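To keep things clear, I will list the structure first and then write my remarks on it.
These numbers come from a predicted model, not from an experiment.
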Amino acid sequence: MELAESKIRERPIYQPGASSIEGLPTALQMFHNHPPIMAMPHWHAQVEVNFIMHGSVRYRMNGHSIELAAGDMCLFWGGQPHQMDFSSKDSIYAGAHLPLVHFFRMRLPDSVSAQLMQGATLITAATDAADMENFPRWVRYTRSGDPARVEHAVNELLLRIERIVFEPYRMVPEKTMIAANDQTGQQSSRTVARMCDFIANNFLQDINSVDIAVAADLHPKYAMSVFKKSTGMTLNNYVNLLRLSYAQAMLLRDEVNVLQVAMESGFGSLSAFNKSFRNIAGMSPSDFRRNMRICGRFA
């Protein structure tokens, strides 16, 4: 925690799990604010889009760092642990966390979707004054409580993200491996969206890949195959990621013990929860909670 402790006395930090991003992993959420540096890497089960309106920021993720300046926009899969370890004093960004059910509504090229889901980051500087106006408006609409405005904002946002591929962009790292014979297409995307919709409503329940396939009116083997080709994950891995994201937020609540977190986040046992959590966080749930409390004392 040397990085967080060195900067925490000077600047406010973002504590993973302290917001609704992790606690509501199936909700589309938008933001427009000054991005604080992160105390620790965090993860969430949504694709993230960032538009840097002022200043500059730096992310560390998946073995590489990404520096973004005013006018840059990026898109990446939040299921990989990532950490913003630099944010200039004048930085302002806007963007969204897109659940996969929304991500797979978009008509992005198959190669782009595959690279994003396998850990690459899409970066473009082809933004304009319209983005400076639209992102704050979309945030206002999604927070308005008016379903019509929310739907309008979501549809406009998805169309704007689709437009990224009409202008110059780059993928970081440039040589991200793509699954062999990847031919997802629009039909596969709609199929994945149906599965994600069922998972979003039931991930805290005792569900498996067969339940998901049946709900989407698919043969289980086909469902597992098309989901893996589209996302790079198995159905079970995605369900676990949603549960872990939800659990990450629960661990910040002092009144809830680790066993309760394990059971309420959909894991059938404490041992299964500990193993899954350690695989993504590199530490046990108890150590994660302890480290976040240490960070909190310096805030």
Query raised in the report: Taking it one step at a time, do L28 and M30 satisfy side-chain contact (heavy atoms from CB on, under 4.5 Å)?
Result: CA-CA 7 Å; L28 186 148; M30 295 199 68; 4.0 Å; yes
Query - side-chain hydrogen bond (donor to acceptor under 3.5 Å, both in side chains) between S286 and S284, worked out - result: CA-CA 5 Å; S286 296; S284 69; 4.7 Å; no
Requested in this report: For the residue pair V154 and R105, establish whether any side-chain heavy-atom pair is separated by less than 4.5 Å.
Outcome: yes
Query raised in the report: For residues T234 and N236, is any side-chain donor paired with an opposing acceptor at under 3.5 Å?
Result: no
Query raised in the report: Does some side-chain heavy atom of H82 sit less than 4.5 Å from a side-chain heavy atom of I66?
Result: no
Report task. Heavy atoms only: give me the nearest G55-D90 pair and the separation to one decimal. Result -> CA-OD1, 3.4 Å
**Report entry** Student check: side-chain heavy atoms of L242 and V239 closer than 4.5 Å
**Finding:** no
Query - H97-F31 aromatic ring centre distance below 6.0 Å - result: yes
Query - M117 and L100, any side-chain heavy atoms less than 4.5 Å apart - result: yes
Report task. In plain terms, say whether D287 and R290 are close enough for a salt bridge, that is, a side-chain N and a carboxylate O under 4.0 Å apart. Result -> yes
Report task. Taking R194 for its side chain and A216 for its backbone only, find out whether a donor-acceptor pair lies under 3.5 Å. Result -> yes
Query raised in the report: What's the spacing between F203 CZ and N240 CG if we round to 0.5 Å?
Result: 11.5 Å
Report task. Give the cluster check for M263 versus L204: same hydrophobic cluster or not, with ILVMFWY residues linked at side-chain heavy-atom distances below 4.5 Å. Result -> yes
Query raised in the report: Would Q46 and H44 count as having a side-chain donor-acceptor pair, cut-off 3.5 Å?
Result: yes
Query raised in the report: Are the side chain of N202 and the backbone N or O of Q205 linked by a donor-acceptor pair below 3.5 Å?
Result: no
Query raised in the report: Closest approach of I52 and A69, non-hydrogen atoms and distance?
Result: CB-O, 3.4 Å
Query raised in the report: Heavy atoms, side chains only, cut-off 4.5 Å: are L158 and E156 in contact?
Result: no
Report task. For S230 and V226, indicate whether the former's side chain and the latter's backbone hold a donor-acceptor pair under 3.5 Å. Result -> yes
**Report entry** Closest contact, heavy atoms only, V210 versus N208
**Finding:** N-OD1, 3.0 Å
Report task. Output yes when a side-chain donor or acceptor of T127 lies under 3.5 Å from a complementary backbone atom of G71, and no otherwise. Result -> yes
Query raised in the report: Quick one: do L98 and Y141 end up in the same hydrophobic cluster if we chain Ile, Leu, Val, Met, Phe, Trp and Tyr together by side-chain heavy atoms under 4.5 Å apart?
Result: no
Requested in this report: Supply the atom-to-atom distance L116 CG to E48 CD, rounded to the nearest 0.5 angstrom.
Outcome: 12.5 Å
Query raised in the report: Is there a donor-acceptor contact under 3.5 Å from the side chain of S65 to the main chain of R60?
Result: no
Query raised in the report: Is a donor on one side and an acceptor on the other found under 3.5 Å between the side chain of T142 and the backbone of W138?
Result: yes
Query raised in the report: Are M283 and V258 connected, step by step, through hydrophobic side chains (Ile, Leu, Val, Met, Phe, Trp, Tyr) whose heavy atoms are closer than 4.5 Å?
Result: yes
Query - Between F277 and F288, ring centroids under 6.0 Å - result: yes
**Report entry** Qualifying residue, where the test is side-chain contact (heavy atoms from CB on, under 4.5 Å) with M106 and the options are I161, V47, V112, L157
**Finding:** I161
Query raised in the report: Is the closest side-chain donor-acceptor distance between R160 and N155 under 3.5 Å?
Result: no
Query raised in the report: When rounded to the nearest 0.5 angstrom, what is the spacing between OG1 in T191 and CG in D217?
Result: 10.0 Å
Query raised in the report: When rounded to the nearest 0.5 angstrom, what distance separates SG in C74 from OH in Y169?
Result: 15.0 Å
Query raised in the report: Between H42 and Q83, is a side-chain contact (heavy atoms from CB on, under 4.5 Å) present by the stated rule, with each step listed?
Result: CA-CA 6 Å; H42 83 145; Q83 180 178 16; over 6 Å; no
Query raised in the report: Between the main-chain N or O of L251 and the side-chain N or O of R289, is there a donor-acceptor pair closer than 3.5 Å?
Result: yes
Query raised in the report: Has N33 got more than 12 heavy atoms of other residues, nucleotides or ligands less than 6.0 Å from its CG?
Result: yes
Query raised in the report: What class does the angle between the rings of Y238 and W77 fall in, given that below 30° is parallel, 30 to 60° is tilted and above 60° is perpendicular?
Result: tilted
Report summary line: Smallest heavy-atom separation, M53 atom then P136 atom, equals CE-CG, 3.9 Å
Query - Polar side chain donor-acceptor pair, H152 to R149, under 3.5 angstrom - result: no
Report task. Could you tell me whether the side chain of C196 reaches within less than 4.5 Å of the side chain of F227, counting heavy atoms only? Result -> yes
Query raised in the report: Which pair of non-hydrogen atoms, one from P147 and one from G145, has the smallest distance, and what is that distance?
Result: CD-O, 3.3 Å
Query raised in the report: What orientation do F273 and F267 show, parallel under 30°, tilted 30 to 60°, or perpendicular over 60°?
Result: tilted
Requested in this report: Would you check, one step at a time, whether the test side-chain contact (heavy atoms from CB on, under 4.5 Å) holds for M250 with E264?
Outcome: CA-CA 9 Å; M250 286 188 68; E264 291 184 26; 3.3 Å; yes
Query raised in the report: How far does CE of M84 sit from CE of M38, to the nearest 0.5 angstrom?
Result: 5.5 Å
Report summary line: Separation between CE (M233) and CD (Q118), nearest 0.5 Å, reads 10.5 Å
Query raised in the report: Between the main-chain N or O of F198 and the side-chain N or O of N201, is there a donor-acceptor pair closer than 3.5 Å?
Result: no
Query raised in the report: Under 4.5 Å between any side-chain heavy atoms of L68 and I123, yes or no?
Result: yes
Report task. Show your reasoning for whether side-chain contact (heavy atoms from CB on, under 4.5 Å) applies to L218 and M195. Result -> CA-CA 9 Å; L218 301 168; M195 288 188 279; 4.1 Å; yes
Query raised in the report: Can you tell me if Y59 and D85 form a side-chain donor-acceptor pair at under 3.5 Å?
Result: no
Query raised in the report: Can you check whether S88 reaches S56 side chain to side chain, under 4.5 Å on heavy atoms?
Result: yes
Query raised in the report: Does M73 offer a backbone N or O that forms a donor-acceptor pair with the side chain of T124 under 3.5 Å?
Result: no
Query raised in the report: Judged by atom type as modelled, is there a donor-acceptor pair below 3.5 Å linking the side chain of N274 to the main-chain atoms of S271?
Result: no
Query raised in the report: Would you say the side-chain atoms of H54 and S91 include a donor-acceptor pair closer than 3.5 Å?
Result: no
Requested in this report: For residues V57 and P35, report the shortest heavy-atom separation together with the two atoms involved.
Outcome: CG1-CG, 3.8 Å
Query raised in the report: Is the F135-H32 ring centre distance short of 6.0 angstrom?
Result: no
Query raised in the report: Out of curiosity, does I199 fall in the hydrophobic cluster containing Y222 (side-chain heavy atoms, cut-off under 4.5 Å, transitive links)?
Result: yes
Query raised in the report: Shared ILVMFWY cluster between L159 and V165, side chains joined below 4.5 angstrom?
Result: no
